[in-house]
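Positions are given from 1 along the sequence. Each ligand, and each atom within it, is numbered from 1 in the order the structure gives.
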Amino acid sequence: MALKPIITLPDRRLRVKSEPVAAVDDGVRALLDDMLETMYEAPGIGLAAIQVAVPRRIIVIDLARRDDDQASGDPLFLVNPEILWASEETSSYEEGCLSIPEYREEVFRPAKVKVGFLDRLGKRQEIDTGGLLATCIQHEIDHLNGVLFIDHISRLKRERILKKFNKTAKRVSQDYGAATGH
Ligand code: NI
């Protein structure tokens, strides 16, 4: 297993629509393992492949990462996940994202969802879920479509966050330019 760098705003790859996986093979399983290790290390509770710059429809989730004992031993691996049903009832969580570090905002989403996906062995599975897991799955599936949680908040708040990241990126590249003479 290997840690992979997590891309952050304003990296444009976060807006890419990821491609479906044709078959869950050893290469995909190796990526799942790397993603899980990267997510635990960050630490986070969910990670989409595009966040490690791989534009494929792959997600890892482990809500129990807060335990001292890093791995809960029961992570969820979702390949080609699809929301098959979503409740009209909504709920809200204060969401964050490893690709938008240090920002959290309240986001409303369907409270319950039914999700179809391929598991680590390529077997078709369905889960019905609510609570934080429903929120997390929806947040990660959004990533596969180039959507970020800040797209669900007010435009004013979103623009404030985007501005902050654009400014930081500019400063970093200016510093780099000054240091290297470019
Ligand atoms: Ni995220």
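Considering only residues two or more places apart in sequence or on other chains, D119 meets the salt bridge (charged side-chain N to carboxylate O under 4.0 Å, His left out) condition with none of them. For E126, the salt bridge (charged side-chain N to carboxylate O under 4.0 Å, His left out) partners at least two apart in sequence or on another chain are K114.
Between the side chain of D25 and the backbone N or O of G27, at least one donor-acceptor pair lies under 3.5 Å. Q51 contributes a side-chain N or O that, together with a main-chain N or O of A48, makes up a donor-acceptor pair within less than 3.5 Å.
Scanning both residues, A111 and S87, for their nearest heavy atoms gives N-OG, 3.2 Å.
Each protein N/O/S atom under 2.8 Å from the Ni ion (ligand 1) was counted, for a total of 3.
Counting only residues at least two apart or on different chains, the salt bridge (Lys or Arg N to Asp or Glu O under 4.0 Å) pairs with a member in residues 158-169 are R155-E159.
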